[in-house]
Amino acid sequence: MERRERRAEALERLHGVTRERFLRDIYPRRKPVVLTGLELGTCTTKWTIDYLSQAEGSKEVKIHVSAVPQMDFLSKNFVYRTLPFDVFVQRAAEVKHKEYFLTEDEKYYLRSVGEDVRKDIADIRKQFPILAEDVHIPEYFEKEQFFSSVFRISSAGLQLWTHYDVMDNFLIQVTGRKRVVLYSPRDAPYLYLSGTKSEVLDVDNPDMEKYPLFVKAKRYECVLEAGDVLFIPALWFHNVISEEFGVALNVFWKHLPPESYDKTDTYGNKDPMAASRAIQILDRALKTLEELPEEYRDFYARRMVLRIQEKAYRNDYG
């Protein structure tokens, strides 16, 4: 009950923000914000279920199918299936299905990928060229910083696992409504991480016996209506619930020097090269500590933590 009593902090909503204002006043703060009233093109009015189905036709798409609303990437409680795009759109918009893979109320999720997921990034202009013509992506970053544009469609009620990305991104909600819960990078110690993902699936009713530290994580929240754009800075954790059938577009861009990123990363979620090397070095150091008796291992591990705090922690968080 303690977790429910803590109220979430609502994200700031700003209307008609220009590129200049975004770069001068908003971007340097490195905090999420909802941008409203931006010119996104005709997609916000044209992208009905029928239009989507007709525009891209029967091209096959690989989708996630889940028998439960809360999808878990760690336990893989979903299956991958392939459907013609027009059939997928119609099914994703349904609550009950006459045709289904797992159950009549299964949930569907499309996260577009490149032609070769090992080499190609998601780019709506390549995977969905007809729909791409309807979209105007806010030009708040330089063209050479562009990394990917990920086209997404979700069934109503679908909840995606809490995770962070290593690049800045805009979540453009084209149709439907989403609720997004976010956590600061500083609260990573309370999120029970496995790689880039949190083990805490149900952020509204977490198992406090299993995840007692989760109560310490400060919760931020917003509801995205059609036409809203959420700026999610790199490393901010986010958990997304589609309250309605909806279509969205994530646009990721590189804000670190290009050589900082793993060249094999097509999803934008591999840690920067320097961070990966540092974690490998730390793992070797911890392995070395195992040569010592428990009392010594505990003592020198605490010294290492203090040294990391002294040398690497920021002290200017608000």
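Below, all heavy atoms of this structure are taken into account, side chains as well, without hydrogens, waters or symmetry copies.
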- Message: So L131 and C43, do their side chains get closer than 4.5 Å, heavy atoms only?
- Response: no

- Task: Evaluate the ring planes of W161 and H64, with Trp represented by its six-membered ring, and classify them as parallel (under 30°), tilted (30 to 60°) or perpendicular (over 60°).
- Result: tilted

- Task: Using the test side chain to side chain contact (heavy atoms under 4.5 Å, CB included), find all partners of S148 that sit at least two apart in sequence or belong to another chain.
- Result: I121, V150, F252

- Item | D228: side-chain hydrogen bond (donor to acceptor under 3.5 Å, both in side chains) partners, not counting sequence neighbours | R13

- Is the Lys NZ or Arg CZ of K107 less than 6.0 Å from the centre of F78's six-membered ring, within 45° of the axis? no

- Task: For the residue pair F85 and L110, establish whether any side-chain heavy-atom pair is separated by less than 4.5 Å.
- Result: yes

- Item | Close side-chain approach of V166 and P272, heavy atoms under 4.5 Å | yes

- Report whether V203 and V68 are members of the same hydrophobic cluster (ILVMFWY, side-chain heavy atoms less than 4.5 Å apart, transitive linking). no

- Query: Is the shortest side-chain N to carboxylate O distance from E290 to K287 below 4.0 Å?
  - Reply: yes

- Which residue, T196, D165, T264, forms the side-chain hydrogen bond (donor to acceptor under 3.5 Å, both in side chains) with K270? T264

- Message: Against the six-membered ring of F73, is R111 placed for a cation-pi contact (under 6.0 Å from the centre, within 45° of the normal)?
- Response: no

- Message: Looking at R19 and E142, is any side-chain nitrogen of the basic one under 4.0 Å from a carboxylate oxygen of the acidic one?
- Response: yes

- Give a yes or no on whether the ring-centroid distance for F128 and W47 is below 6.0 angstrom. no

- Under 3.5 Å, side chain of E106 to main-chain N/O of L102, donor-acceptor pair present? yes

- Query: Looking at W253, Y27, F231, F170, which one forms a ring-ring contact (aromatic ring centres under 6.0 Å, His included) with Y140?
  - Reply: F170

- Message: Does Y190 form a ring pair (Phe, Tyr, Trp, His ring centres under 6.0 Å) with Y192? I'd like the steps, not just the answer.
- Response: CA-CA 6 Å; Y190 314 132; Y192 297 87; 8.9 Å; no

